[in-house]
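For reference, the structure discussed in these notes is given below.
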Amino acid sequence: MPCSVVVGAQWGDEGKGKIVDTLAERADVVARYQGGNNAGHTLVLGDDTYKLRLVPSGILWPGTLCVIGNGCVIDPEVLMEELDGLEQRGIDLAGFRISGNAHLIMPWHRIIDADSELMLGRLQIGTTRRGIGPAYADKASRVGIRVQDLLDEKILRQKIQTALSVKNVLLRKIYHQRPIDKDVMTEATLRYAERIRPFIADTSLIVNRALDDGKVVLCEGAQATLLDLDHGTYPFVTSSNPIAAGACVGLGFGPTRIDAVLGVAKAYVTRVGAGGFPSEADPERGERIRDQGAEYGTVTGRERRCGWLDLVALRYATRLNGFTQLAVTKLDVLSIFESIPVCTHYTLPDGTVTEDFPGHQSDFHHAQPVYSDLPGWNTDISQVRDAGQLPAAARDYLDFIEQQVGVPVAIVGIGQRRDQIITLRDVLAAA
């Protein structure tokens, strides 16, 4: 059975959580490979809504093993709150595991993240100020604190003391904040350790053994392709690699293990924070999309910028990830429009018209969209469960995406709830 990676194909918020939740019914393992609590998944099951920040989306399926891999950064306070909340709602956590090699987000990371962003003024990146970037920076600098350090009080005390010997100087002299008491910090962190200790495991071994045994493994990332640290719209990106290749590094298995890569794209596009956005809609229609699609951040509540589907960017995401199939979500949101623009090309500053994503940031930031206007269907499709029942214009919209990108659409989302989905092809059998 295949190992499938589910990847956001745009700037995030594409509905990856719902797609993973849908596929997780048939999965044995759901494993998250990067990111922190700066992004979230909203899952709607009947009258119940779950907002997950760290725990993989498969947690709502009994018997599914859910893994947070070594490529993630974990705020222990946030994780404890999330685990407590799930248990209070009757969710079994017996199958939840955390990599001992994942790194911890410490309080100084959050302070530095927030204050650094403020110091940038109008040049702010748009970070969620959750400490993710500074935690990854410490990881790269080899001074980070890992989850496994919670298992050894002596090592934990030493690492916190070493870290604060430098961080307190920064907090006091650069950010004008009070220094953090190392003993108070250590005792607080040890309290988290007691709660988290039972879940710590060698998750690379777990995932590889599951694959050896022929089990179905779903790998999920946070954020999305255009926020990738290396290949996204830098510097307005996240601090890790959400692309499919990141699953190998973030979970600890070889690239030959991957059989299928499912790209998740909204039927339109949104992004949060600053950065280029060629297909951003005019304020009036952007507001209509935002209201109709409830485009507000799961974790932050921030308004998302809204625009039309960008096929230039989607082709780029396909190239980077090697998508074998696509999931197109929130198709129902576009039902309010008589005509729907779709960006097929960019016009660059020198007048060149291209279907390829620009390799230079200045070209991207000044790119103008070239649109094809497709007819809308102007009818509610939220109750449709079979592709044959979709209006002809909605089917044509999906066909246009397939033709332009060269990847088949396997799943269509037509609402927030778990049951509001149309399956066109079997994703888990794609290999």
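- In terms of modelled atom types and a separation under 3.5 Å, the side chain of Thr225 and the main chain of Gly8 share a donor-acceptor contact.
- In this structure, the separation between OG1 on Thr324 and CZ on Arg425 is 11.0 Å, given to the nearest 0.5 Å.
- Using a 4.5 Å heavy-atom threshold, the side chains of Thr203 and Leu251 count as separate.
- The NE2 atom of His109 sits 5.0 Å away from the NZ atom of Lys167 when rounded to the nearest 0.5 Å.
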Using the side-chain contact (heavy atoms from CB on, under 4.5 Å) rule, take Ile98 and Ile196 through it: C-alpha gap first, then chi angles, then the decisive distance, then the call. CA-CA 8 Å; Ile98 308 167; Ile196 296 173; 3.7 Å; yes

Which is it for Ile59 and Thr64 under the side-chain contact (heavy atoms from CB on, under 4.5 Å) test, yes or no, and what are the steps along the way? CA-CA 7 Å; Ile59 197 68; Thr64 301; over 6 Å; no

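- By the 4.5 Å heavy-atom criterion applied to side chains, Arg195 and Asp84 are counted as neighbours.
- Remark: the backbone N or O of Tyr296 is paired with a side-chain donor or acceptor of Arg304 at under 3.5 angstrom.
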Inset, instruction - For the pair Asp13 and Arg271, evaluate salt bridge (charged side-chain N to carboxylate O under 4.0 Å, His left out) and give the outcome as yes or no after the intermediate values. - result: CA-CA 8 Å; Asp13 309 310; Arg271 80 170 300 178; over 6 Å; no

side-chain contact (heavy atoms from CB on, under 4.5 Å) between Glu82 and Leu52, intermediate numbers included:
CA-CA 7 Å; Glu82 189 163 338; Leu52 304 177; 3.6 Å; yes

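- Put simply, the side chain of Gln420 gets close to the backbone of Gln416: a donor and an acceptor are under 3.5 Å apart.
- Ion pairing between Lys266 and Glu14 fails under the 4.0 Å rule for side-chain N and carboxylate O.
- Ring-centre distance between Phe337 and Trp308: below the 6.0 Å cut-off.
- Under a 3.5 Å cut-off, the side chain of Asn321 and the backbone N or O of Ile243 do not form any donor-acceptor pair.
- For Arg32 (side chain) and Gln34 (main-chain N/O), a donor-acceptor pair under 3.5 Å exists by modelled atom type.
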Step-by-step salt bridge (charged side-chain N to carboxylate O under 4.0 Å, His left out) determination, Arg197 to Glu194
CA-CA 5 Å; Arg197 187 187 307 271; Glu194 291 305 310; 3.0 Å; yes

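- In terms of heavy-atom proximity, Val30 sits nearest to Ser57 at CG1-N, 4.5 Å.
- You'll find the side chain of Leu390 reaches within 4.5 Å of the side chain of Ile381, heavy atoms only.
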Please evaluate residues Leu398 and Glu402 with respect to the criterion side-chain contact (heavy atoms from CB on, under 4.5 Å), reporting the C-alpha separation (whole Å), side-chain torsions for both, the decisive distance (0.1 Å), and the verdict. CA-CA 6 Å; Leu398 297 173; Glu402 289 188 343; 5.8 Å; no

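- The two atoms that bring Gly307 and Ile289 nearest to each other are O-CD1, 4.2 Å, heavy atoms only.
- Crowding of Glu287 atom CD: a count of heavy atoms from other residues, nucleotides or ligands under 6.0 Å exceeding 12.
- Residues Gln223 and Lys16 are not in side-chain contact: their nearest non-hydrogen atoms beyond the backbone lie 4.5 Å or more apart.
- Between Cys219 and Phe253, some side-chain heavy-atom pair lies under the 4.5 Å cut-off.
- Taking the six-membered ring where tryptophan is involved, the planes of Trp11 and Phe364 are tilted, since the angle between them lies from 30° to 60°.
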Quiz item: Please walk me through it: do Arg157 and Glu187 pass salt bridge (charged side-chain N to carboxylate O under 4.0 Å, His left out)?
Solution: CA-CA 9 Å; Arg157 286 187 181 278; Glu187 294 306 317; 2.4 Å; yes

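- Side-chain N or O atoms of Arg288 include one that pairs as donor or acceptor with a backbone N or O of Ile336 at under 3.5 Å.
- Side chain of Arg417 to main chain of Leu43: no donor-acceptor pair is present (N/O by atom type, distance under 3.5 Å, no hydrogens or angles).
- Stacking of Arg89 on the aromatic ring of Tyr50 is recorded, both the 6.0 Å distance cut-off and the 45° axial limit being met.
- For the atom pair CG (Asn101) and SG (Cys72), the distance works out to 12.0 Å, reported to the nearest 0.5 Å.
- At distances below 3.5 Å, at least one donor-acceptor pair connects side-chain atoms of Arg385 with backbone N or O atoms of Asp419.
- Checked options Leu218, Ile68, Val67; the residue passing with Pro56 is Ile68 (criterion: side-chain contact (heavy atoms from CB on, under 4.5 Å)).
- By the 4.5 Å heavy-atom criterion applied to side chains, Leu23 and Val216 are not counted as neighbours.
- For the pair Arg191 and Glu77, the salt-bridge criterion is not met [side-chain N within less than 4.0 Å of a carboxylate O].
- Of the possible donor and acceptor atoms, one in the side chain of Tyr33 sits under 3.5 Å from a partner among the backbone N and O of Pro242.
- Between Gly71 and Tyr136, the shortest heavy-atom distance links the atoms O-OH, 2.6 Å.
- A donor-acceptor contact under 3.5 angstrom links the side chains of Asp310 and Tyr346, judged on distance only.
- Contact annotation: the side chain of Tyr397 approaches that of Val342 to within less than 4.5 Å [non-hydrogen atoms, C-beta and beyond].
- Between Gly12 and Ala224, the shortest heavy-atom distance links the atoms N-CB, 3.1 Å.
- In this structure, Ile145 CD1 and Met106 CE are separated by 4.5 Å, a value rounded to the nearest 0.5 Å.
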Exercise for review: Please report the C-alpha distance between Arg130 and Asp113 in whole Å, then the side-chain angles of each, then the deciding distance to 0.1 Å, and finally whether the salt bridge (charged side-chain N to carboxylate O under 4.0 Å, His left out) criterion is met.
Suggested key: CA-CA 7 Å; Arg130 297 299 198 272; Asp113 194 4; over 6 Å; no

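- Rounded to the nearest 0.5 Å, atoms CG (Leu60) and CG (Leu86) are 7.0 Å apart.
- To the nearest 0.5 Å, the span separating NZ on Lys159 from CG on Asp138 amounts to 11.0 Å.
- Side-chain contact check for Thr270 versus Arg290: every heavy-atom pair is 4.5 Å or farther apart.
- Every side chain to side chain contact (heavy atoms under 4.5 Å, CB included) that Ala265 has, sequence neighbours left out, goes to Ala9, Gln10, Leu314.
- Contact detail for Ala244 and Val261: the closest heavy-atom pair is CB-CG1, 3.8 Å.
- Minimum interatomic distance between Ile401 and Val328 (heavy atoms only, all atoms of both residues): CD1-CG2, 4.3 Å.
- For Asn241 and Asp228, the side-chain atoms include at least one donor-acceptor pair closer than 3.5 Å.
- Of the possible polar contacts, none joining the Asp21 side chain to the Gly17 backbone as a donor-acceptor pair under 3.5 Å is found.
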